[in-house]
Number of protein chains: 2
Amino acid sequence: MTGQVRTVDGRVAGRRGQATRQKLLDCLSEMLSSSPYRDVKVIDVARKAGTSPATFYQYFPDVEGAVLEIAEQMATEGAALTELLEGRSWAGKAGWQTAQELVDGFLEFWRRNDAILRVVDLGAAEGDKRFYKLRMKILNSVNNSLADAVAELQAKGRVDKDVNPAAVAGSLVAMLAAVASHQKGFSSWGVKQAELKPNLALLVHLGVTGRKPTK
Amino acid sequence: MTGQVRTVDGRVAGRRGQATRQKLLDCLSEMLSSSPYRDVKVIDVARKAGTSPATFYQYFPDVEGAVLEIAEQMATEGAALTELLEGRSWAGKAGWQTAQELVDGFLEFWRRNDAILRVVDLGAAEGDKRFYKLRMKILNSVNNSLADAVAELQAKGRVDKDVNPAAVAGSLVAMLAAVASHQKGFSSWGVKQAELKPNLALLVHLGVTGRKPTK
DNA sequence: ACTTGTCCTGTCATGACGTCAGCTTACCGA
DNA sequence: TCGGTAAGCTGACGTCATGACAGGACAAGT
């Protein structure tokens with residue numbers, strides 16, 4: 001399905017090639033976690049991977065291209081986020097539970113991949129289509145599930161007609177992503193992680209159902 | 001208050017110097033709008049300003065330093081966002097009006113300065129203290145006003161005791177900022193700008209008051 | 001005109017970028 | 001066992017950005 005892995009000049013990569021390729025990706029990932037995106041240089045990544053810059057250019061057109069690759073891998077993992085919402089109820093105590101677990105799972109996922117997600121976010125904000133398609137791919141699972149939940153409640157008449165499920169879902173997901181990116185900012189503003197989560201869950205619950213949760 | 005403008009090597013800048021300095025900032029601003037942050041080079045900024053790279057380095061240590069300068073200017077303008085909330089009511093129809101105007105004003109401000117705000121966001125997310133202090137400075141006016149509003153309603157017993165005003169306010173502000181950054185993403189997801197705003201306003205109103213607005 | 005301090009640039013060493021030809025290594029069929 | 005072929009890697013190179021410096025250009029006061 002995914003076709004063969006190819007080098008920039010068209011050769012198919014074999015076992016060894018794929019290994020160094022992956023090593024380069026891993027090292028890049030690590031560098032993104034430890035230094036500002038702007039300062040990540042091909043030469044450093046190559047050095048860290050114990051290879052030469054020329055090798056890097058065999059597998060990727062540039063740093064951006066390699067980042068897209070990493071993000072693509074992450075996006076498939078991100079599909080697992082759907083499970084946080086699949087078949088969950090938004091009614092009564094179960095609804096509160098659903099909101100809490102969504103917040104928990106989402107923040108955890110974001111924290112685990114924050115370095116790459118930062119770059120994806122930037123690329124998307126800069127209007128690069130490849131990046132924001134990727135961003136959608138990552139968020140779509142949660143986004144769609146949330147939108148469905150809202151639409152369903154709307155069909156039952158429990159949510160106002162003039163609410164746009166997609167808009168609300170998108171905004172809530174954006175909120176979760178933004179808060180996850182700036183968790184440190186919150187803590188220096190006097191809000192502890194532990195306090196943050198229930199308040200986020202509250203906002204999600206309010207947004208989806210239009211009502212306060214029953215705890 | 002702001003002290004004199006100084007060059008990197010300590011001289012005080014005169015009239016002409018300040019002019020070129022500002023010109024460099026303006027050109028940098030423009031470049032940030034038109035090309036990815038990672039690709040903005042000192043030499044391009046200098047060329048665009050009709051001067052040489054060496055001149056740039058007289059006034060700023062590097063691109064990052066210049067961005068901080070621009071952002072600082074913007075932060076002072078950002079203080080005007082407080083007016084969107086100062087002395088507004090969150091009750092009844094007035095509350096809905098307040099929410100709408102907040103969303104409107106915020107999105108407008110963000111859109112006007114999106115290029116620099118993207119970079120500030122990135123820097124903050126990467127953990128650079130200078131950037132996230134700046135980000136707080138920009139958002140504080142709105143953040144504090146919102147938190148105050150929640151706290152006030154809480155004191156009146158109209159909002160649950162276990163809500164943390166700062167956490168809710170911070171999350172809502174983060175949501176507004178994130179949505180503003182990714183407006184294009186929404187539109188390609190089938191949500192029009194015009195639809196987005198009322199739904200955002202709804203979420204803000206729900207978050208602050210815990211109730212649906214009366215329209 | 002002369003001095004003084006501000007302002008800008010030419011130039012240079014350093015180092016990253018991205019390409020290429022060519023060397024080494026692994027695999028495979030005869 | 002032995003080439004042959006393709007994969008895999010790198011040294012070297014031209015190009016370009018960086019950042020520092022010394023010195024020339026310019027405005028203002030005397």
Side-chain angles (χ1 to χ4, degrees), chain A residues 2-28 30-32 34-69 119 123 128 130, chain B residues 2-32 34-69 119 123 128:
Chain A
T2 49
Q4 288 163 305
V5 180
R6 286 186 175 275
T7 58
V8 168
D9 56 332
R11 288 203 306 280
V12 296
R15 229 186 39 254
R16 189 150 75 109
Q18 298 213 15
T20 50
R21 201 183 114 104
Q22 190 57 48
K23 186 161 196 174
L24 284 166
L25 288 178
D26 292 343
C27 291
L28 173 55
E30 217 172 308
M31 304 241 24
L32 285 173
S34 59
S35 28
Y37 178 46
R38 201 167 193 282
D39 297 344
V40 171
K41 308 290 181 192
V42 169
I43 198 173
D44 297 322
V45 176
R47 229 191 316 258
K48 198 180 185 78
T51 177
S52 87
T55 302
F56 183 96
Y57 287 107
Q58 270 213 332
Y59 295 107
F60 312 103
D62 50 23
V63 173
E64 218 187 28
V67 169
L68 278 167
E69 199 69 26
V119 180
D128 186 313
R130 297 170 301 169
Chain B
T2 49
Q4 287 164 308
V5 179
R6 286 187 176 274
T7 58
V8 168
D9 56 332
R11 286 203 311 279
V12 296
R15 227 185 40 252
R16 190 151 73 108
Q18 298 212 16
T20 51
R21 200 183 114 105
Q22 189 58 48
K23 185 161 197 173
L24 284 167
L25 288 178
D26 293 343
C27 290
L28 172 56
S29 235
E30 218 173 307
M31 303 240 33
L32 284 174
S34 60
S35 29
Y37 178 46
R38 203 168 192 283
D39 297 343
V40 170
K41 307 290 180 194
V42 169
I43 196 171
D44 297 321
V45 177
R47 224 188 324 255
K48 197 180 185 80
T51 177
S52 86
T55 303
F56 183 96
Y57 287 108
Q58 266 210 335
Y59 295 106
F60 313 103
D62 49 24
V63 173
E64 216 187 29
V67 168
L68 278 167
E69 200 68 27
V119 180
D128 186 314

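Naming: A, B, ... by sequence-line order, numbering from 1 per chain. None of these values were measured; they are calculated from a predicted model.
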Enquirer: Within this structure, what is the CZ-to-P distance between A/Phe60 and D/dG8, rounded to whole angstrom?
Expert: 13 Å

Enquirer: Roughly, in whole Å, what's the span from CG in A/Asp9 to P in D/dC9?
Expert: 12 Å

Enquirer: Starting at the 5' end of DNA chain C, which residue's closest nucleotide do you reach first, A/Val40 or B/Arg16?
Expert: B/Arg16

Enquirer: Whole Å only: how far is the CD atom of A/Gln18 from the C1' atom of D/dC9?
Expert: 16 Å

Enquirer: Over all strands shown, is A/Tyr59 touching base, sugar-phosphate only, or nothing at heavy-atom distances under 4.0 angstrom?
Expert: sugar-phosphate

Enquirer: Answer yes when B/Asp26 and B/Lys23 have at least one side-chain N-carboxylate O distance shorter than 4.0 Å, and no when they do not.
Expert: no

Enquirer: Would you mind reading off the distance between A/Arg21 atom CZ and D/dA7 atom C1', rounded to a whole angstrom?
Expert: 15 Å

Enquirer: How do A/Ala54 and B/Ser52 order along DNA chain C: which one's closest nucleotide is nearer the 5' end?
Expert: B/Ser52

Enquirer: Starting from the 5' end of DNA chain D, give me the residue, A/Pro53 or A/Arg38, whose nearest nucleotide shows up first.
Expert: A/Pro53

Enquirer: Would you mind classifying the nucleic acid contact of A/Thr7 as base, sugar-phosphate or nothing, using non-hydrogen atoms under 4.0 angstrom?
Expert: nothing

Enquirer: Measure CZ/A/Arg6 against C1'/D/dA6 and give the value in whole Å, please.
Expert: 13 Å

Enquirer: Run the side chain to side chain contact (heavy atoms under 4.5 Å, CB included) check on A/Phe60 and A/Leu25 step by step: do they pass?
Expert: CA-CA 10 Å; A/Phe60 312 103; A/Leu25 288 178; 3.6 Å; yes

Enquirer: Can you measure A/Tyr57 atom OH to D/dA12 atom C1' for me and round it to whole angstrom units?
Expert: 15 Å

Enquirer: Please check if the side chain of A/Thr7 supplies one atom and the backbone of A/Arg11 the other of a donor-acceptor pair under 3.5 Å.
Expert: yes

Enquirer: Any chance you could measure A/Arg21, atom CZ, to A/Arg6, atom CZ, to the nearest 0.5 Å?
Expert: 12.5 Å

Enquirer: Who pairs with A/Arg38 by side-chain contact (heavy atoms from CB on, under 4.5 Å), at least two apart in sequence or on another chain?
Expert: B/Tyr37, B/Val40, B/Val63

Enquirer: Check every strand shown and say whether B/Arg15 touches a base, only sugar-phosphate, or nothing at a heavy-atom separation below 4.0 Å.
Expert: sugar-phosphate

Enquirer: Evaluate A/Lys48 against A/Val45 for side chain to side chain contact (heavy atoms under 4.5 Å, CB included), listing each step before the verdict.
Expert: CA-CA 5 Å; A/Lys48 198 180 185 78; A/Val45 176; 5.8 Å; no

Enquirer: Carefully, step by step, assess A/Thr20 and A/Thr51 under the rule side chain to side chain contact (heavy atoms under 4.5 Å, CB included).
Expert: CA-CA 9 Å; A/Thr20 50; A/Thr51 177; over 6 Å; no

Enquirer: Please find the earliest and latest nucleotides of DNA chain C, in the 5' to 3' direction, that have an atom within less than 4.0 Å of any heavy atom of chain B.
Expert: C/dT6 to C/dG10

